[in-house]
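FYI, the numbering just counts along the sequence from 1.
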Amino acid sequence: MPRLAIVISAVGSIESLERTLVSVLENRPADSEILVALNQPYADPYDLKEEVRFLPPVRRDSAVAGIQRALAATRAPFVHLLASGCLVTEGWADEALARFGDRSIASVAPMVWDAEHRQRIFAAGVGYRPSGRRFLVGQGLEQLSADAHEAILGACEFAAFYRKAALDSVGGLSLRLGVRQAGIDLAFALKRAGFGVAVAPQSRVYASAEVEQNEGAFRQALHDERLFWRNLPGAGRIPALTAHAGLVAIELLCSFGRPRLLSQLAARALGCIPIGRNMRHRQTRTRTPERSARSKTAHQQLRVDRSHDVPAHSDSNQARVPSN
């Protein structure tokens, strides 16, 4: 059984996927496997089937389902989600895996740098405003500030390391959300379950804007609204609702006179409907006995193999894909 599963989610073109595969195959850690959740048919022209497991594509609007299927296909104790379009560097997984020596850590955020401006941070993790706005922490900075570090809620869904037992304990990614929203929702679920997030500054990944999966106006508004109600805080609820109303008003104002206005309005209204289900979701994630049981179960599973506490080291496996 491999120690690390690298799950690549194909979000762009075939060329983008192949560039990511080249970087991963050249720098992958020892004792790891690579799975690719395809978004379109792939002919495997470089005959990588012995090194990479290609999972058949699901519907284009079901990227989360593709990732979940890849996660279910591995038994590795640690997983690394990586979107196509990301480029990894030698030893990029070493520090991230070493952070899991702290058994309270469920996710690790690598430092993602801008592929076009390599001295600038693309994202050191994701944060979330009370109004319901997701944002990339540290974007545009040359060095991560203390304030930015405090704003990190979880790892970016396009470049994140997870403890598999912790993912299983909270049910993984929600199929009712898009990839962007599902990553934040997962960060909330792990936090409520009593797990922590760590940052690995020496774990270097390069990315460009293409790694952010774009949705249509309707789907993005729908998923954003669902995310907000699923994670509405118990304390400070009135300020959060007020801020959210302001955010939605600004969104609709910016769309005034455009066809997307009605789509966004309908999506926001639809996203509010299952409030009862969302309240049950929050209650399930915040019950103290269940949270303790999940943490205990995850810790017990991880004590089986002491090698989980030993940092992984990269070997220099060369890809058979030509690096154009």
Query raised in the report: Would you find a donor on one side and an acceptor on the other, under 3.5 Å apart, between the side chain of Ser203 and the backbone of Ala200?
Result: no
Query raised in the report: Can you check whether Leu177's main-chain N or O pairs, donor with acceptor, with His223's side chain at less than 3.5 Å?
Result: no
Report task. Any side chain to side chain donor-acceptor pair (under 3.5 Å) involving residues 259-268? Give me the pairs, sequence neighbours left out, ordered by first then second residue. Result -> Glu225-Arg268, Glu251-Arg268, Ser255-Arg260, Ser255-Gln264
Query raised in the report: Once you round to the nearest 0.5 Å, how far does CZ of Arg99 lie from CG of Asp94?
Result: 12.5 Å
Query raised in the report: Is a donor on one side and an acceptor on the other found under 3.5 Å between the side chain of His80 and the backbone of Ile6?
Result: no
Report summary line: Residue set satisfying salt bridge (Lys or Arg N to Asp or Glu O under 4.0 Å) with Glu212, at least two apart, ordered chain then number -> Arg134, Arg180
Query raised in the report: Ignoring hydrogens and geometry, is there a side-chain-to-backbone donor-acceptor pair from Ser13 to Ser16 under 3.5 Å?
Result: yes
Query raised in the report: So, do Phe228 and Tyr128 have ring centers that fall under 6.0 Å from each other?
Result: no
Query - Non-hydrogen side-chain atoms of Leu25 and Leu48 separated by less than 4.5 Å - result: yes
Query - Under 3.5 Å: donor-acceptor pair, side chain of Ser9, backbone of Ala83 - result: no
Query - Point-to-point distance, once rounded to the nearest 0.5 Å, from CG of Leu35 to CG of Leu82 - result: 12.5 Å
Query raised in the report: Does any non-hydrogen side-chain atom of Phe256 lie less than 4.5 Å from one of Leu261?
Result: yes
Report task. Determine whether Val108 and Tyr162 make a side-chain contact, defined as any pair of heavy atoms from C-beta on separated by less than 4.5 Å. Result -> no
Query raised in the report: With no hydrogens and no angle check, do the side chains of Glu51 and Tyr46 hold a donor and an acceptor under 3.5 Å apart?
Result: no
Query raised in the report: Under 3.5 Å, is there a donor-acceptor pair between the side chain of Gln68 and the main chain of Leu173?
Result: yes
Query raised in the report: Does the pair Arg226/Asp224 count as a salt bridge with the N-to-O cut at 4.0 Å?
Result: no
Query raised in the report: Does Arg118 pair with Asp114 as a salt bridge, N-O distance under 4.0 Å?
Result: no
Requested in this report: Kindly compute the distance separating CD (Glu33) from CE (Met1), expressed to the nearest 0.5 Å.
Outcome: 10.0 Å
Query raised in the report: Think Arg163 forms a cation-pi with Phe195, using NZ or CZ under 6.0 Å from the six-ring centre and within 45 degrees of its axis?
Result: no
Query raised in the report: Any sub-3.5 Å donor-acceptor pair from Ser23's side-chain atoms to Thr20's backbone N or O?
Result: yes
Query raised in the report: How about Phe78 and Phe161: are their ring centres within less than 6.0 Å of each other?
Result: no
Query raised in the report: Hey, what do you get for CG (Leu81) to CD1 (Ile8), rounding to the nearest 0.5 Å?
Result: 11.0 Å
Query - Min side-chain heavy-atom separation Val52-Leu21 under 4.5 Å - result: yes
Report summary line: When rounded to the nearest 0.5 Å, the distance separating OH of Tyr42 from CG of Leu55 is 14.0 Å
Query - Side chain to side chain, Phe158 and Val11, heavy atoms closer than 4.5 Å - result: no
Query raised in the report: When you check the side-chain N and O atoms of Asp102 and Ser104, is any donor under 3.5 Å from an acceptor?
Result: yes
**Report entry** Side chain Arg53, main chain Ala73, donor-acceptor under 3.5 Å
**Finding:** yes
Let me check something: any side-chain donor-acceptor pairs from residues 149-156 under 3.5 Å, sequence neighbours excluded? List them with distances.
none

Query raised in the report: Is a donor on one side and an acceptor on the other found under 3.5 Å between the side chain of Thr242 and the backbone of Ile238?
Result: yes
Query raised in the report: Taking the side chain as C-beta and beyond, is there a heavy-atom pair between Tyr206 and Val88 under 4.5 Å?
Result: no
Query raised in the report: Between Glu116 and Ser208, is a side chain to side chain donor-acceptor pair (under 3.5 Å) present by the stated rule, with each step listed?
Result: CA-CA 7 Å; Glu116 297 180 1; Ser208 56; 5.6 Å; no
Query - Donor-acceptor pair, side chain of Asp185 and main chain of Arg230, under 3.5 angstrom - result: no
Report summary line: Rounded to the nearest 0.5 Å, the CZ atom of Arg69 sits from the OG1 atom of Thr74 at a distance of 14.5 Å
